[in-house]
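Each remark here refers to the structure printed beneath this line.
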Amino acid sequence: MKRSTLLIGGETVATTNHMAVTNPSNGEIVGYMPLAQEADLDRAVAAAAAAFKGWSRTSNEDRARACRAIAEKISEHAEELAQILTREQGKPLNGLGSRFEIGAALAWTRHTAELDLPVEILQDDHEGRVELHRKPIGVVGSITPWNWPVMIACWHIMPAVRAGNTVIIKPSPLTPLSTIRLVEIINEVLPPGVVNVITGENSIGAALSAHPGIAKMTFTGSTETGKKIMASAVATLKRLTLELGGNDAGIVLPDADPKAIVEGLFWGAFINNGQTCAALKRLYVHDSIYEDVCRGLADYAAKIVVGDGLDEASILGPVQNEMQFNKVRELVDDARAHGGRILTGGAPMERPGYFYPITLVADVDHGVRLVDEEQFGPALPIIRYSDVDEVIARANQNPAGLGGSVWSSDAEKAKRYAVQLECGSVWINKHGAIQPNAPFGGVKQSGIGVEFGDEGLKEFTTIQTVLS
C-alpha cells in the first residue's frame, strides 16, 4: 500500500511516520498519510515565501494561462482522482458523487482562470487621479474538510494563485490522499513552491494557522474550529476567509406543489449524504400540505440505492467517519425519544462500514437536537408550521446563517420571504445550488468573507490606493 509524501518546494518529502487512511465503506486501508512535523511546516513556509517573490510578479495573463493549464491537467486525471476520492471519502463514483465532484473542481478552476481584477479609476480630473490597485497578499494557508476535499481544495488554491499568492494546503487527515495527488498534478504546471501540501493530524493545522509566515488563512469546516483559527490569527493580524457550519432552513409555503418539489427537497438535503455545509438541514412545511410532503419524500427516498461507493449502482454511500456516524445516530435517537415520527430509516444499516440509511423524522420542533444542531449526515427533521411570518422568525433564531430556501408556486412571493432569511445565500425552489460566478459565504456564526467570482478573488488581495 502506497505511503504518500509531502510536497514542498516542488519536491517530495518523506516523513518518518505515517497514518493509515481507511475506506468508510468497509474499513480497508487505502493508503498512508505522511505525518508532518513543525520543521516540515517551516520548510513549506520558507519555500512558499521564496516562490512568492517570483509568482507575485508574473503577469495577469501568465497566471490565467497557468490556471487554464491546471484545468487541463485535472481533466486528464479526472478518473484517477475520482477513484482515490471514493476510496477515502466513501461517496459513490456516480450520481452526485466523486465524478461529479471532480467535474465541479474542474468547472471552478476554469471559471477562476478567466477572472480579472483590473485597476479601478476612482478619480481622474483636474484635481488629480486616484487608482485602486489589488495586490497579492503573500503566503496563504489553507485547511480543507473531508466532505468535498478536491472541490474545496480548488476553491482555496485557484483564486489564491490566480491573484498571485502562494499556498500551503493542509487537508483533513480523513481524506488527504486525493488532495496530495491534486497538488502533485498542479505542480506539473506551476513553479516550485507556489503550491505545497503538508498533511498530519489536527496539531499541524493549528501550527499552520498560527505560523507568523502565513499572511492569510482560508478555512472550510466547523464553526468551533473556525473560532480557533480566528483566535490564532490575532498575533499577526492574518486575513481570514472562513466558511463555517450551517443549519440551513427550507420553508415550504402553502401554495407549493408537493409532487413538483419533492425531488429538489430531497437532493437539497441529501446531496453527499447530507454531508454538505449548505445542505438543507431543517425543513419547515405548512400544515396544509405537511403530510403530502412527508409522504412524497419517503416515497422518493425508497428509490435511492445506498451502498459501497465503488459499486456503480450506488447513489449514496456511507457516512465518512465514526464520529459523524455516531452523531447522526445520537441525534435521531434523541428525536425519536422526544416524539419524532420516523418516516424512513432511523437505525444503522446492518453491514460493515459507516452506513446509516436516509432518515426522515416528522413531528419534531425547536428544542430537539436534530433541529437545533447541525446533523451533517443523512437525517432530516420535518417541522410543521401554520403562520409564514412566524416561521421565518423561528428559522432565523438559529445562530448559523449559511444558506436557506423558500419553496412556492409563486417565485416572486417566495423571493419576498426569502430575503427575510438571515443567511449568506438563499434559493427559490432549490437548495444548495452554488455556482462559480455567485459569491458564497455565511453570516452570523457561519463564517467571514466570501468565495467564488470576483468577490471571492478579491479576498486574496490587498488594496493599494495610488494618488497622483
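For the numbers below, each heavy atom of this structure counts, side chains included, while hydrogens, waters and symmetry mates do not. Since we're looking at a predicted model, the values are computed, not measured.
Ser405 and Trp407 are linked by a side-chain donor-acceptor pair at a separation below 3.5 angstrom, with hydrogens and angles left out of the test. In summary, the side chains of Glu28 and Asn23 do not present any donor paired with an acceptor at a separation below 3.5 Å, with no hydrogens or angles considered. For the residue pair Thr109 / Thr112, no side-chain donor-acceptor distance below 3.5 Å is found, with atom types taken as modelled. For the residue pair His211 / Asp42, a side-chain donor-acceptor distance below 3.5 Å is found, with atom types taken as modelled. For the residue pair Gln89/Ser98, the side-chain donor-acceptor check at 3.5 Å is not satisfied. Counted by atom type alone, Asp363 and Tyr290 present one or more donor-acceptor pairs between their side chains at under 3.5 Å. When only modelled atom types and interatomic distance are considered, Lys444 and Ser446 share no side-chain donor-acceptor pair under 3.5 Å. A donor atom on one side chain and an acceptor atom on the other are not found under 3.5 Å apart for Trp155 and Thr220. Defined by atom type and a distance below 3.5 Å, a donor-acceptor pair is missing between the side-chain atoms of Thr5 and Thr12.
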**Prompt:** For Thr175 and Gln320, what are the C-alpha separation, side-chain angles and deciding distance, and is it a side-chain hydrogen bond (donor to acceptor under 3.5 Å, both in side chains)?
**Reply:** CA-CA 9 Å; Thr175 55; Gln320 203 283 323; 5.9 Å; no
**Message:** Could you go through Thr241 and Thr218, starting from their C-alpha distance and side-chain angles, then the distance that decides it, and tell me whether this counts as side-chain hydrogen bond (donor to acceptor under 3.5 Å, both in side chains)?
**Reply:** CA-CA 5 Å; Thr241 300; Thr218 180; 4.8 Å; no
**Message:** Using salt bridge (Lys or Arg N to Asp or Glu O under 4.0 Å), reason through Arg384 and Glu291 one step at a time and then give a plain yes or no.
**Reply:** CA-CA 9 Å; Arg384 188 191 300 263; Glu291 293 299 342; 3.2 Å; yes
**Prompt:** Could you walk me through whether His431 and Asp248 pass the side-chain hydrogen bond (donor to acceptor under 3.5 Å, both in side chains) check?
**Reply:** CA-CA 9 Å; His431 195 107; Asp248 290 13; 3.0 Å; yes
**Asked** Given Asn273 and Val319, is the side chain to side chain contact (heavy atoms under 4.5 Å, CB included) satisfied, shown in steps?
**Response** CA-CA 7 Å; Asn273 222 13; Val319 176; 4.3 Å; yes
**Request:** Begin from the C-alpha positions of Tyr385 and Tyr284 and carry the test ring-ring contact (aromatic ring centres under 6.0 Å, His included) through to its verdict.
**Result:** CA-CA 7 Å; Tyr385 79 91; Tyr284 299 84; 7.1 Å; no
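Note on Asp372 versus Arg369: no salt bridge recorded, every NZ/NE/NH1/NH2 to OD/OE distance being 4.0 Å or above. Using a 4.0 Å cut-off between charged nitrogen and carboxylate oxygen, Glu88 and Lys2 do not count as a salt-bridge pair. Between Asp308 and Arg351, no side-chain nitrogen of the basic residue sits less than 4.0 Å from a carboxylate oxygen of the acidic one, so the salt-bridge criterion is not met. For Glu184 and Arg181, the salt-bridge test passes: some basic side-chain N is under 4.0 Å from an acidic carboxylate O. Salt bridge status for Arg295 with Asp292: present, with a side-chain N to carboxylate O gap under 4.0 Å. Ionic pairing of Arg43 and Glu11 is present here: one or more N-O contacts between side-chain nitrogen and carboxylate oxygen are shorter than 4.0 angstrom. Under the 4.0 Å criterion applied to side-chain N and carboxylate O atoms, Lys170 and Glu201 are not assigned as salt-bridge partners.
No more than 12 heavy atoms of other residues, nucleotides or ligands shown are found within 6.0 angstrom of CD on Glu263. Remark: Asn202 CG is loosely packed, at most 12 non-hydrogen atoms of other residues, nucleotides or ligands lying under 6.0 Å away. Enclosure of atom CD in Glu79 by more than 12 non-hydrogen atoms of other residues, nucleotides or ligands within 6.0 angstrom is indicated. A 6.0 Å sphere centred on CE of Met230 holds no more than 12 heavy atoms belonging to other residues, nucleotides or ligands.
Between Val150 and Glu101, the shortest heavy-atom contact is N-OE2, 2.9 Å. Leu421 and Val426 get closest at one heavy-atom pair: CD1-CG2, 4.0 Å. Scanning both residues, Ala395 and Ile251, for their nearest heavy atoms gives CB-CD1, 4.2 Å.
Lys91 contributes a side-chain N or O that, together with a main-chain N or O of Asn147, makes up a donor-acceptor pair within less than 3.5 Å. Counting only distance, with no hydrogens or angles, the side chain of His111 and the backbone of Ala107 share no donor-acceptor pair below 3.5 Å. One N or O on the side chain of Lys216 and one on the backbone of Glu459 form a donor-acceptor pair closer than 3.5 Å.
The CZ atom of Phe376 lies 7.5 Å from the CG atom of Asn272; values are rounded to the nearest 0.5 Å.
Applying the salt bridge (charged side-chain N to carboxylate O under 4.0 Å, His left out) test between Arg394 and each of Asp365, Asp389, Asp387 identifies Asp365 as the sole match.
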